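These numbers come from the heavy atoms of this one structure, side chains and all, not from hydrogens, waters or symmetry mates. Note that the structure is predicted; figures quoted are calculated from it, not measured. Note on naming: letters A, B, ... go to the chains in the order of the sequence lines (proteins, then strands), and numbering restarts at 1 for each one.
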Amino acid sequence: MGVDIGDLLQRRTIEVSDLSLNTVAIDAFNTLYQFLSIIRQRDGTPLKDSQGNVTSHLSGILYRMTNIVEAGVKPVFVFDGKPPEFKSSTIQKRTEVRENAKAKWAEAKEKGLAEEAYKYAQASAKVDATIVEDSKKLLAAMGIPYVDAPSEGEAQAAYMVKKGDADRIASQDYDSLLFGSPKVVRNLTVSGKRKLPKKNIYVDVKPELIDLQENLDELGIDQSQLIDIALCVGTDYNDGIEGVGPKTALKLVKEHGNIERILQEKGLEIENLDGIKEFFKSPPVTNDYSLKWNKPNSSEVINFLCTEHDFSEDRVTKALERLEASSGSGQSTLDKWF
DNA sequence: CCCCCTGA
DNA sequence: TCAGGGGGG
């Protein structure tokens, strides 16, 4: 998922506290997908309430947002709108992969292959309309703002950073760099260690910051050429050139200057090339949003999570106390700045 | 993913 | 105090 240019990029590890007082635009789709695929029981089943509704994303939002708000971060979720026409084959492919994974999950479960089952369970995760609706409901009750993008969320988030309404984008994907976001944070989490699935290995997972301009300088290319590299490798909107990975793409772009000349040289074509380039450079965005962080509406959160979705009231109340102490206009350290 | 308890 | 394991919904 997303564009595979990570190998080309330098990043520096940071602490969440380095993002204190920063407004961080969170790629909602990416984050929710992450929650849905990772927050699971050992057999691969996601967390569910007694009615069978998936609740993994709600758990993820409650605890992670509480943690980062406590660290002084001001999060805003940015949701996807209508995808561009040229994304349809990617979307279709994802659906097929997901359906296939569902079948393989059932098959592996039947055969008692735990590791296989878990892997395919994760690949079956889907951010559907209910997941999005639930997430927005919880965020609103927690006092955390969200924005509805007209098209791609990462494009909207990049616009907000460029405009100065946000300081960083949080996403595991690199696509927002193609939309020109100056700073991207990966691994936005407070907990330091993560257990590798089914292995007794713990890896340190620290947030990392990728600075767009620093990377362009280091690679000796400009923003347009970064987009061209992505187009060579393949994006959500095109298939890329066969046999060309990020390193070759960089070499080709530096050698030929741009993707048009590379394609000409190789006698190849990319469907909709001009339209896709234009989409990365000036995607549909909106100014129709307001960023306001409020105190959590505790009874609303408790009603939604505990009454409707069977969360433990003790745990939710504890999280809400932490959130309330550090959120909205109430935090004295924030008051000094706003 | 995260919380929470346990044992050293 | 903190790594490790179990469970969360």
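In this structure, A/Y237 has its ring center under 6.0 Å from that of A/F280.
Taken residue by residue, residues 48-64 of chain A places heavy atoms nearer than 4.0 Å to DNA chain B at A/Y63, A/R64. Residues from residues 131-140 of chain A placing a heavy atom under 4.0 Å of any atom in DNA chain C do not occur.
Side-chain contact between A/K48 and A/T45 is present, with at least one heavy-atom pair separated by less than 4.5 Å. A/M142 is listed as a side-chain neighbour of A/I61, based on a closest heavy-atom distance under 4.5 Å.
Seen from the ring of A/F79, A/K136 counts as a face-on cation partner, given the 6.0 Å and 45° thresholds.
Across all strands, A/F311 comes closer than 4.0 Å only to sugar-phosphate atoms, never to a base (heavy-atom distances). A/S37 comes within 4.0 angstrom of nothing in the nucleic acid, heavy atoms only.
Taking only side-chain atoms of A/R42, from C-beta outward, the nucleotide of B/dC1, B/dC3, C/dG6 with the closest atom is C/dG6.
Between A/E116 and A/K109, no side-chain nitrogen of the basic residue sits less than 4.0 Å from a carboxylate oxygen of the acidic one, so the salt-bridge criterion is not met.
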- Query: Please, what dot-bracket string fits DNA chain C when only Watson-Crick and G-U pairs with both distances under 3.5 Å count, crossing ones use [ ] and pairs to another strand use |?
  - Reply: ||||||||.
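Under 4.0 angstrom from either OP1 or OP2 of B/dC1 there lies no side-chain N or O belonging to A/N67. Within the 4.0 Å cut-off from OP1 or OP2 of B/dC2, not a single side-chain nitrogen or oxygen of A/R322 is found.
For the pair A/Q34 CD and B/dC2 P, the computed distance is 11 Å after rounding to whole Å.
Minimum heavy-atom separation, A/R40 to A/W105: NH1-CH2, 4.2 Å. A pairwise comparison of heavy atoms in A/I91 and A/P83 identifies CD1-CG, 3.7 Å as the closest pair.
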